[in-house]
Peer 1: 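Got a structure here, written out as structure tokens. Questions coming.
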There are 2 protein chains.
Amino acid sequence: MTEHPAARTVPARTAYHHGDLRAQMIAAVRDLVETHGPDGFSVAEAARRAGVSSAAPYKHFRDRAEILRGVVGEAMDRLRAAMEAGAATYPAGSVEAVAAVGLAYVSFARTEPGVFRLAFGLTEGHENDPDLRAKGEDAFGVVVRCAAACLGLPPDDPHVQACAYMLWSFVHGHSFLTIDSKRSVASTSIDDWAYLVTVARGILGQGIRA
Amino acid sequence: MTEHPAARTVPARTAYHHGDLRAQMIAAVRDLVETHGPDGFSVAEAARRAGVSSAAPYKHFRDRAEILRGVVGEAMDRLRAAMEAGAATYPAGSVEAVAAVGLAYVSFARTEPGVFRLAFGLTEGHENDPDLRAKGEDAFGVVVRCAAACLGLPPDDPHVQACAYMLWSFVHGHSFLTIDSKRSVASTSIDDWAYLVTVARGILGQGIRA
DNA sequence: CCCTGGAAGTAAGAGTTGCTAACTTTATCC
DNA sequence: GGATAAAGTTAGCAACTCTTACTTCCAGGG
């Protein structure tokens, strides 16, 4: 398909059969999950939206769960990228950089609560998939590196690991609570950024020692 | 069958038709969710286990989602009770009492990860149900009261509310992470109890101020 | 004591879904 | 220019949700 004249670098558009289902399926499912909740999706409906028969997706995915895993994997990549971008907006080693990573996490959960729930809420064998596990570890690695830079310790230092875990669980819980109950921290007259900076300082600074 | 000698205070057993489906359905669904994951349940299978036809449950629940909500409601009651029991094992106002509440929370998530996910993972209109919202607030209230006692402030004090929210999100995130990835805090050579006490002290003590 | 009303069950069925099997179309490779 | 394989189609089965119409059993009033 590549030695034809040109305009075929990406197999994206209107190929004979379809071109790139799989990517289109993942996009469709992401939309469905976002609008109808994590379980309010069906492969039939997603196929319908992609304009193919309901059996077509099974040429690209083994079953329903594998489609979900595809969506989660793609979401994890975007989440990690957002975290890295957040960290890059502040000087390396600063507490603000750590807080920015947390803010990216929370923002992701807020703007895509459906996929966020899908990724972390139901298990579905997510944690049994080595690929997804690796992506999760990669995302965690962003926190670890920021914490390490902030503390001036190597990333594999146990204290760094413990602090990173605390930060992660804090932000993870905050994310879930905000999208669950709409209970914003604002109800306690604190906005997200101040909250996250406070927490990061408390855990990494003179605060909580593990 | 009720005016026989006695032993009929509870209509539990072998009534003519059935007696108390609804309770039995909730129990069956809880089991299914626990063994097959939050979405690996069907009302048909639950009805089968309860020994009734697949249409019977619809005499007691409007639809599938309402059954789920019933399970979540029951779980919330048990969770709150466990938290209260945890708090009662240590002197009121002590940091240990706060940590005990957190431990009860985490223990619940560990022993019933399926229903925990069901309760907090998928939304499904859970937060739109006023009954479930109330139960959630009740559980949060346990944390608030413990934090207030510990800080020597009234429960409606903003600082108390902020601290309670921090504690909750911390424990919530920790619970999710442990059941998700089996990443125990043990990997950082800290056990749960020490971890929770440390965190509670950090947030309530001289530590993080909001 | 019957009988009527309603609560709680059943059976049957429509519509949707997950997934498979068998077949067709299209691009590529030798 | 065919064989091959990838990627699509239709048809269909089993399971599931939920509805409708019917049945069974208990309870209270005359």
Peer 1: Roughly how far, to the nearest 0.5 Å, is the CZ atom of A/R64 from the CG atom of B/D39?
Peer 2: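 Interatomic distance, B/D39 CG to A/R64 CZ, rounded to 0.5 Å: 7.0 Å.
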
Peer 1: Please write out each protein N/O paired with an N/O of nucleotides 13-19 of chain D under 3.5 Å, distance rounded to 0.1 Å.
Peer 2:
{"unit_1": "D/dC16", "atom_1": "OP2", "unit_2": "B/R48", "atom_2": "NH2", "d": "3.0"}
{"unit_1": "D/dT17", "atom_1": "OP1", "unit_2": "B/V43", "atom_2": "N", "d": "3.0"}
{"unit_1": "D/dT17", "atom_1": "OP1", "unit_2": "B/R64", "atom_2": "NE", "d": "3.4"}
{"unit_1": "D/dT17", "atom_1": "OP2", "unit_2": "B/V43", "atom_2": "N", "d": "3.4"}
{"unit_1": "D/dT17", "atom_1": "OP2", "unit_2": "B/A44", "atom_2": "N", "d": "3.0"}
{"unit_1": "D/dC18", "atom_1": "OP2", "unit_2": "B/Y58", "atom_2": "OH", "d": "3.1"}
{"unit_1": "D/dC18", "atom_1": "OP2", "unit_2": "B/R64", "atom_2": "N", "d": "2.8"}

Peer 1: Set out, in order, the CA-CA distance, both residues' side-chain angles and the distance that settles side chain to side chain contact (heavy atoms under 4.5 Å, CB included) for A/L103 and A/E96, then state yes or no.
Peer 2: CA-CA 10 Å; A/L103 184 62; A/E96 283 80 9; over 6 Å; no

Peer 1: Below 4.0 angstrom, N of the basic side chain to O of the carboxylate: do A/E45 and A/R49 qualify?
Peer 2: yes

Peer 1: Could you state the atom-to-atom distance from CG of A/L68 to C1' of C/dG18 in whole Å?
Peer 2: 13 Å

Peer 1: When the distance from CG of A/L32 to P of C/dT17 is rounded to whole Å, what number comes out?
Peer 2: 11 Å

Peer 1: Atom CG of A/D39 and atom C1' of C/dT17: how far apart are they, to the nearest Å?
Peer 2: 14 Å

Peer 1: Hey, which of A/F170, A/F176, A/Y165 is the one that makes ring-ring contact (aromatic ring centres under 6.0 Å, His included) with B/F170?
Peer 2: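 Testing each of A/F170, A/F176, A/Y165 against B/F170, the sole residue satisfying ring-ring contact (aromatic ring centres under 6.0 Å, His included) is A/F170.
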
Peer 1: With a cut-off of less than 4.0 Å, is there a side-chain N or O of A/H60 near OP1 or OP2 of D/dG8?
Peer 2: yes

Peer 1: Heavy-atom distance under 4.5 Å between the side chains of A/V72 and A/R69, does that happen here?
Peer 2: no

Peer 1: To the nearest angstrom, how far is A/D20 atom CG from D/dA6 atom C1'?
Peer 2: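 Nearest whole value for this atom pair: 15 Å.
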
Peer 1: What is the distance, to the nearest angstrom, from the NZ atom on A/K59 to the P atom on C/dG18?
Peer 2: 18 Å

Peer 1: Send over the distance from A/R22 CZ to D/dA6 P, rounded to a whole Å.
Peer 2: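 Between P of D/dA6 and CZ of A/R22: 15 Å.
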
Peer 1: Can you confirm whether A/H172 sits close enough to A/F116 that some side-chain heavy atom of one is under 4.5 Å from a side-chain heavy atom of the other?
Peer 2: yes

